[in-house]
Protein chains: 2
Amino acid sequence: MKWLGLAVAALLVTTPASSEIIVATGDLGLVVERASGSLLLVDQSERGAIARIGGLGDLSHASLVYSPDQRYAYVFGRDGGLTKVDIVKKEIEKRILQAGNSIGGAISDDGRLVAVSNYEPGGVRIFDATSLELVLDIPTGSKTIGLVDAPGRRFVFTLWDAGETWIADLSGKDPVVSKIKDMGQNPYDALITGDGRLYITGLFGEDGLTALDLWEPDPKPIRVLPEYGRGQQDLPVYKMPHLEGWARAGREFVLPAVGHHEVLWIDGESLAETGRTPTHGQPVFAMARPDGRQVWVNFAHPLNDTIQVLDTVTKEVVHEFKPGPAVLHMEFSPRGNEVWVSVRDAGKVMIYDTHTFEKTGEIDAESPSGIFFTARAHKLGL
Amino acid sequence: MKWLGLAVAALLVTTPASSEIIVATGDLGLVVERASGSLLLVDQSERGAIARIGGLGDLSHASLVYSPDQRYAYVFGRDGGLTKVDIVKKEIEKRILQAGNSIGGAISDDGRLVAVSNYEPGGVRIFDATSLELVLDIPTGSKTIGLVDAPGRRFVFTLWDAGETWIADLSGKDPVVSKIKDMGQNPYDALITGDGRLYITGLFGEDGLTALDLWEPDPKPIRVLPEYGRGQQDLPVYKMPHLEGWARAGREFVLPAVGHHEVLWIDGESLAETGRTPTHGQPVFAMARPDGRQVWVNFAHPLNDTIQVLDTVTKEVVHEFKPGPAVLHMEFSPRGNEVWVSVRDAGKVMIYDTHTFEKTGEIDAESPSGIFFTARAHKLGL
């Protein structure tokens, strides 16, 4: 081996001053600390915390999205707060109270627009990602859920009361809103597949789910598992499962069953059921490792101290362990070698190797819930 | 709307000094300038160039990968050079000449190991990603091609002369190398699917391709399109197509045909042919937009001034245009709203909206070829 000392030609900029603080943001993340209304900034490679950012209001059920440069997080709080956090400067850049009660948000595929889904007043509000100025207000007269981004500067969301899905297209000069009726009774959550093609809503008021093929010029509701759902439940539903947790594993989806101790497997093309796997408890999240070979499942209270890992080829449980009390969320490293787990009542985020299942680290956190790595900036529908 | 001025509690760090230069790396990229042996650092959001970094040696056929934090690029030059570039400081951090003639590289899923595939001497060398110290030398006695990373700290590569694929597993204390024979005559390139499951080699010495299912405990060669390939060519092969350009669109793959003016469609499960689309010329890259709805195709000399865009539902050409002389490479923004195109003999990188096909920008570059956005850091097999 031969080492070469080569001259560097930096033609367009001069060498930065030594006082510069270098922040590469590709392996950072934010952990929601719901009890204290704060975010813990973490470094995946170092398996450690870098900073705590407070003053975010009510962070129960909070979620967030990232700007394309992975510098800013947009945090959607339950109290209607929309907070733009600069993870390089490690401070809040701007915070507005945009509604009384909100339930998630999304960022457009070009990174220029941030949308928030609101219960009170019901509707979607869309903001300029730089200034947080209101760009468009779409009142729906209904609690609004399941807001996601779709390719082509679109946002898709669903009306709990009216059972409609609306598609807001902001690609042209004037916004265009399309409305799809008959999505079913009381849709409570929704997801979009990673390719932005299928939008699927879970129903609270009737059995089954409803899908839309967004590649169709005029999408029509498609019933999925019409005989399965909460109507048949033989157990109390402690917590409705998160549809964002739907996993795509190879050509199948994995779905946390509602009110049952099992997960369901569904063919990605026909949307027909292909199998069921009995689980430890009522699943909350069923998350696929990025390569789709494993699905990690956590459970509702009172069985929420446990994680089960399923092999997607055999559909069998291949590993089970108890990270600690109140396992609330899991986030995989972008290429899937590790998983980070929020264990709320232990006050810890635990880190595991997904191949050996060994614990590789832990981080103190105040009642941690959602974990969001910056790689989400580059994915559709997250 | 109500604006709140909130106090920020930065508990673990102090506020950075105002002299700080802030660099968030999520929307950056590098353009290979092959004639001058330099890299152009670009900003996707600004649609502009930030810096030029020179001194990288022979960059014909060069490729690169990124560290998980998106701070470092590892550049694989044809001259055997392995260069670690700090895109935050905008300078070369280290450069070694690790072989006489190399042909691509990969980074392990944990970001700790960088592997390089060599013609001369034939084999793979694996380096510590931080120090570039040699960790493992795997001589193969053959020109070595098609090197990719696979989940579980593995590298997969193929021997041109011996027609074998080797899997190096570096997850345990000692490395384990498995060898799969009978991959076919003179494999010239390979790819791994985005889920890390299928490894597919193109053959120069016989018709067809060979696949491996890496989820099998003992993968066996699977013949793909055994009656199709260069053996049947009715046109001179100006340039063997890049298999890295294989596109996954929904459940199908799109493959640039060898020596024909067409692309082939293959079922992602059965690997059987599902269709052919006639094209303007011999395809070089057939790249799927991240949502899989479009495939963009460029062509070999002398028809390399043109791009065709295919719709993956109809398999038909929906758009054709001429960006300029010598279109060498295309790279989509991570969520697919834009595409960047290297037009070598125009000395430009052109930027297009993938929905309207309008040109949204252009950047001067010296004989640009490969374009690599930092979002690649978070993907398997890139």
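Letters A, B, ... mirror the listed sequences (proteins, then strands); counts begin at 1.
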Peer 1: Do the non-hydrogen side-chain atoms of A/H378 and B/P290 ever get within less than 4.5 Å of each other?
Peer 2: no
Peer 1: For B/F155, which residues count as a ring pair (Phe, Tyr, Trp, His ring centres under 6.0 Å) partner, sequence neighbours excluded?
Peer 2: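 Scan of B/F155 (ring pair (Phe, Tyr, Trp, His ring centres under 6.0 Å), adjacent residues dropped) gives none.
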Peer 1: Please name the pair of heavy atoms, one in A/G111 and one in B/R335, separated by the smallest distance, quoted to 0.1 Å.
Peer 2: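 Shortest heavy-atom contact: N-NH2, 4.2 Å.
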Peer 1: So for B/E269, is it side chain, backbone, both, or neither that comes closer than 4.5 Å to the heavy atoms of chain A?
Peer 2: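 It is the side chain, since no backbone atom gets that close.
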Peer 1: For the atom pair CZ (B/R251) and CG (A/D195), what is the distance rounded to the nearest 0.5 Å?
Peer 2: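 Reported to 0.5 Å precision, the distance equals 13.5 Å.
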Peer 1: State which residue, out of A/T360, A/N337, A/D353, fulfils the side-chain contact (heavy atoms from CB on, under 4.5 Å) condition with B/D110.
Peer 2: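 Of A/T360, A/N337, A/D353, side-chain contact (heavy atoms from CB on, under 4.5 Å) with B/D110 is met by A/N337 alone.
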Peer 1: B/F373: which residues meet the ring pair (Phe, Tyr, Trp, His ring centres under 6.0 Å) condition with it, sequence neighbours left out?
Peer 2: B/W340
Peer 1: Against chain B, label A/D43 side chain, backbone, both or neither, depending on which of its atoms sit under 4.5 Å from a heavy atom there.
Peer 2: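 The answer is neither part of A/D43.
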Peer 1: To check you understand the geometry: which heavy-atom pair defines the closest contact between A/T25 and B/G26, and what is its length?
Peer 2: OG1-N, 3.9 Å
Peer 1: Contact part of B/I107 toward chain A, heavy-atom cut-off under 4.5 Å: side chain, backbone, both or neither?
Peer 2: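 Answer is both: backbone and side chain atoms of B/I107 are under 4.5 Å from chain A.
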Peer 1: I need the minimum non-hydrogen distance between B/W215 and A/D291, along with the two atoms involved.
Peer 2: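 That would be CZ2-O, 3.3 Å.
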Peer 1: For the interface with chain A, which of B/G81, B/S45, B/G194 has the highest count of heavy-atom pairs at distances below 4.5 Å?
Peer 2: B/S45
Peer 1: Check each atom of B/A375 against the heavy atoms of chain A and say whether the ones under 4.5 Å are side chain, backbone, both or neither.
Peer 2: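 Contact with chain A is through both the backbone and side chain of B/A375.
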Peer 1: Is it the side chain or the backbone of B/S171 that comes within 4.5 Å of chain A heavy atoms, both, or neither?
Peer 2: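 Contact with chain A involves no heavy atom of B/S171 at all.
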Peer 1: Kindly give the heavy-atom pair with the smallest separation between B/H355 and A/G152, and that separation in Å.
Peer 2: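 Closest pair (atom of B/H355, atom of A/G152, distance): NE2-N, 3.3 Å.
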Peer 1: Are any non-hydrogen side-chain atoms of A/Q70 and B/Q70 less than 4.5 angstrom apart?
Peer 2: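 A/Q70 vs B/Q70: side chains touch.
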Peer 1: Contact part of A/T312 toward chain B, heavy-atom cut-off under 4.5 Å: side chain, backbone, both or neither?
Peer 2: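 Contact with chain B involves the side chain of A/T312 alone.
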Peer 1: With chain B, which of A/L28, A/I87, A/L380 has the greatest number of heavy-atom pairs at distances under 4.5 Å?
Peer 2: A/L380
Peer 1: Taking side chain as everything from C-beta outward and backbone as N, CA, C, O, which of these in A/R112 sits under 4.5 Å from a heavy atom of chain B? Side chain, backbone, both or neither.
Peer 2: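 The side chain, not the backbone.
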Peer 1: Quick one: which of B/P68, B/G336, B/A99, B/G196 has the most heavy-atom pairs under 4.5 Å with chain A, could you say?
Peer 2: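 Option with the greatest count: B/P68.
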